K.L.:
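Here's a structure for you.
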2 protein chains.
Amino acid sequence: MSAEPNAKPGIPDATVARLPGYLRALGQLTGRGVSSVSSEELAESSGVSSAKLRKDLSHLGSYGVRGVGYDVSHLSYQISRALGLTRDWPVVIVGMGNLGRALASYGGFATKGFEVVALLDHDPQVVGAVIDGLTVEPMSALARLSAEGSASIGVIATPAGSAQTVADALVAAGVTSVLNFAGGVVHVPEEVHLRKVDLSTELQILAFHEQRRAGGAGLPDVAQVARGMS
Amino acid sequence: MSAEPNAKPGIPDATVARLPGYLRALGQLTGRGVSSVSSEELAESSGVSSAKLRKDLSHLGSYGVRGVGYDVSHLSYQISRALGLTRDWPVVIVGMGNLGRALASYGGFATKGFEVVALLDHDPQVVGAVIDGLTVEPMSALARLSAEGSASIGVIATPAGSAQTVADALVAAGVTSVLNFAGGVVHVPEEVHLRKVDLSTELQILAFHEQRRAGGAGLPDVAQVARGMS
DNA sequence: AAGTGTGAAGTCTTTCACAGCT
DNA sequence: AGCTGTGAAAGACTTCACACTT
């Protein structure tokens, strides 16, 4: 209870969620040979306001130079360090359906900071397949990962119905962070960090805004609105 | 300037983002034959607190019965209506790589409220392929969708480098909401709604928490803290 | 008795605007 | 002169706790 998932002596959640964006923008600047950048410029590249950017960075420390701006490579390093990307985190992906395959070969993992150490699937027909250089293993391989202590981040890409079972297995194997792409609610122990990405949810949020744009009216107490015009 | 993308006479963004979760939980209850539910129970199924749930629902209207709870099917309908899911929104997916294929066949679209009307890809080698019953078309097909007025929500599943170009094309074709799975920042006109889903970002946020768990101490500079006090 | 709906208090986040350093 | 870093103000969101309804 009093132990929030958020006992932070340090960096606010909202800030943490934006740091990856800054890091990416800095990477692009590096690629273009830019070595120094102002908060105004970096904010523009990242799609936030400069005040927000400065406040965010101020939580990491004082890495800018007044009157000048930020050194691109130094700031990149500091953000990487704050995010814990100066070492590699082992990632296990469970569920090698379309989505799992996409994730396994997605460039996101190529980003420094992560290494896919195992691809798992429940289906014997899928086990043994080679995806992006890794052989798909059965769920029982979790025991090995657990013993090796090489389970740290787990990604769930199974159908929604299996998500809780998979999450339980991951937690039992020592995984302490879970990224859930399967729909539905998954419960994990207090000390395990869980994040959720769901296509339906995203689409439904967009639908809300589409409707607002079109409808205009749609207030709560308006009873039955016109049925399908189509 | 003062014109926020967010002039809401109605429902707070944070609430809108949770409504899909309630809707899913209600669907499960319906499947189990439950016809009435309390805020406590529905909150538990949705992974939120009951106070938050009640406050959220209060923004839609007063659809509960004191001393009793909520009627499952009526509440489902009201949430669907609030989200704009009482009609179908046409969705265009651009980029038929691994991710695009996964999205095209993902159950998320099967959820009532959306219809995939086109799959597009820039690569002539991919055009013509049939995925989940739809034939992949070239980017030029956007002109047709635009003329039909059947472009409403666009999903970008291309490599990051093409994202801005694709977004521009979608907007030109009349798309008013965009869901971007490609990394990087994409700019769209004020009136177009944009949401972003990025694997790297999610992993990096998890890495932060993993590190916090492990590292414990190691805060960057303590010197600066003292400075601010003087 | 049970459980919703909601003001009010509390917490977190963003924005403002400017002091302070280079 | 220019740009960062940051208190203070404003705003958004969450939690509390209870009046009110069935």
Side-chain angles (χ1 to χ4, degrees), chain A residues 1-19 21-22 34-44 46-72 74-75 78-79 220-221, chain B residues 1-19 21-22 34-72 74-75 78-79 220-230:
Chain A
M1 279 292 291
S2 53
E4 275 294 318
N6 199 1
K8 52 172 115 93
I11 309 175
D13 283 349
T15 293
V16 171
R18 284 186 294 264
L19 292 179
Y22 303 152
V34 179
S35 67
S36 177
V37 68
S38 71
S39 66
E40 198 68 55
E41 295 163 332
L42 183 54
E44 158 71 16
S46 310
V48 304
S49 73
S50 63
K52 198 186 271 184
L53 173 75
R54 288 201 303 279
K55 181 68 96 180
D56 281 345
L57 295 184
S58 77
H59 289 114
L60 308 192
S62 194
Y63 300 125
V65 180
R66 290 172 199 234
V68 178
Y70 302 88
D71 178 77
V72 171
H74 183 60
L75 186 56
Q78 292 299 343
I79 294 179
D221 56 349
Chain B
M1 288 300 288
S2 54
E4 277 292 317
N6 198 2
K8 50 170 120 87
I11 308 177
D13 283 349
T15 293
V16 171
R18 283 186 295 265
L19 292 179
Y22 304 153
V34 178
S35 67
S36 178
V37 68
S38 70
S39 65
E40 198 68 55
E41 294 163 333
L42 183 54
E44 157 71 15
S45 318
S46 309
V48 303
S49 72
S50 64
K52 198 186 271 185
L53 173 73
R54 287 201 303 280
K55 180 70 94 180
D56 282 345
L57 295 185
S58 78
H59 288 114
L60 306 192
S62 193
Y63 300 125
V65 180
R66 289 171 200 234
V68 178
Y70 301 88
D71 179 78
V72 172
H74 183 59
L75 185 57
Q78 292 299 343
I79 294 179
D221 263 43
V222 187
Q224 59 185 341
V225 177
R227 277 178 131 221
M229 305 300 293
S230 55

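Keep in mind that the numbers below use all heavy atoms, side chains included, and drop hydrogens, waters and symmetry copies. All of these numbers come straight from a predicted model, not from anything done at the bench. In the text below, chain A, chain B and the rest are named by the order of the sequence lines, each starting its count at 1.
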K.L.:
Over all heavy atoms of both residues, which pair between B:Ser38 and B:Glu41 is shortest? Give the atoms and the distance, please.
P.N.:
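In this case the closest contact between B:Ser38 and B:Glu41 is N-OE1, 2.9 Å.
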K.L.:
Please determine, for the side chain of B:Asp13, which listed nucleotide (D:dG5, D:dC13, C:dT15) has the closest atom?
P.N.:
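Within the option list, the nearest is D:dC13.
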K.L.:
Yes or no on side chain to side chain contact (heavy atoms under 4.5 Å, CB included) for A:Ile79 and A:Leu57, after CA distance, side-chain angles and deciding distance?
P.N.:
CA-CA 9 Å; A:Ile79 294 179; A:Leu57 295 184; 4.2 Å; yes
K.L.:
Whole angstroms only, please: what is the CG-P distance between A:Asp56 and C:dT14?
P.N.:
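Interatomic distance, CG of A:Asp56 to P of C:dT14: 7 Å.
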K.L.:
Side chain of A:Ala14 only, heavy atoms from C-beta on: which candidate in D:dT4, C:dT14, D:dC16 is closest?
P.N.:
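It is C:dT14.
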K.L.:
Of the options C:dT13, D:dT6, C:dA8, whose atoms approach the side-chain atoms of B:Lys55 most closely?
P.N.:
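So the side chain of B:Lys55 is nearest to C:dA8.
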K.L.:
Taking atom P of D:dT22 as reference, at what distance in whole Å does atom OH of B:Tyr63 sit?
P.N.:
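The distance from OH of B:Tyr63 to P of D:dT22 comes to 17 Å, rounded to the nearest Å.
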K.L.:
If you take all heavy atoms of A:Lys52 and A:Val48, which pair is closest and at what distance?
P.N.:
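Looking at all heavy atoms of both residues, the closest pair is CD-CB, 4.4 Å.
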K.L.:
How close or far is atom P of D:dC3 from atom CG of A:Leu42, stated in whole angstroms?
P.N.:
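Roughly 14 Å, once rounded to whole Å.
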K.L.:
Mind calculating the distance between CD (A:Glu40) and C1' (D:dG2) to the nearest angstrom?
P.N.:
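To the nearest whole Å, that distance equals 12 Å.
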K.L.:
Does A:Arg54 place a side-chain N or O at less than 4.0 Å from the phosphate oxygens OP1/OP2 of C:dC16?
P.N.:
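For C:dC16, OP1/OP2 do not have a side-chain N/O of A:Arg54 under 4.0 Å.
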K.L.:
To the nearest Å, how far apart are A:Leu57 CG and C:dT14 P?
P.N.:
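Checked: the CG to P distance equals 13 Å.
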K.L.:
Check A:Ser36 against A:Val68 and note the closest heavy-atom contact, atom names and distance.
P.N.:
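Result for this residue pair: OG-CG1, 4.2 Å.
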K.L.:
Hey, is the side chain of A:Ser38 poking within less than 4.0 Å of OP1 or OP2 on D:dC3, counting only N and O atoms?
P.N.:
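For D:dC3, neither OP1 nor OP2 has a side-chain N or O of A:Ser38 closer than 4.0 Å.
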K.L.:
Might you point out which heavy atoms bring B:Ser46 and B:Tyr22 nearest each other, and give the distance in Å?
P.N.:
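Minimum heavy-atom separation between B:Ser46 and B:Tyr22: OG-CD2, 3.6 Å.
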K.L.:
Report the nucleotide, chosen from D:dC13, C:dT15, D:dG5, that has the shortest atom-to-atom distance to any side-chain atom of A:Lys52.
P.N.:
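Nearest listed nucleotide: C:dT15.
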K.L.:
Work out which heavy atom in B:Leu42 is nearest to a heavy atom in B:Val37; give both atom names and the distance.
P.N.:
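Taking every non-hydrogen atom into account, N-CG2, 3.7 Å.
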K.L.:
Could you tell me which residues satisfy side-chain contact (heavy atoms from CB on, under 4.5 Å) with A:Thr15, sequence neighbours excluded, listed by chain and number?
P.N.:
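Partners of A:Thr15 by the side-chain contact (heavy atoms from CB on, under 4.5 Å) criterion, ordered by chain and then number, come out as A:Ile11, A:Pro12, A:Arg18, A:Leu19, A:Asp56, A:His59.
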K.L.:
Please report the distance, rounded to the nearest Å, between CG in B:Leu53 and P in C:dT6.
P.N.:
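To the nearest whole Å, that distance equals 14 Å.
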K.L.:
Which of residues 65-72 of chain B have a heavy atom under 4.0 Å from DNA chain D?
P.N.:
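Going residue by residue through residues 65-72 of chain B, the ones with a heavy atom under 4.0 Å of DNA chain D turn out to be B:Arg66.
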K.L.:
Could you tell me whether B:Ser49 contacts a base, only the sugar-phosphate backbone, or nothing, with contacts defined as non-hydrogen atoms closer than 4.0 Å?
P.N.:
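Counting heavy atoms under 4.0 Å across all strands, the contact made by B:Ser49 is with sugar-phosphate only.
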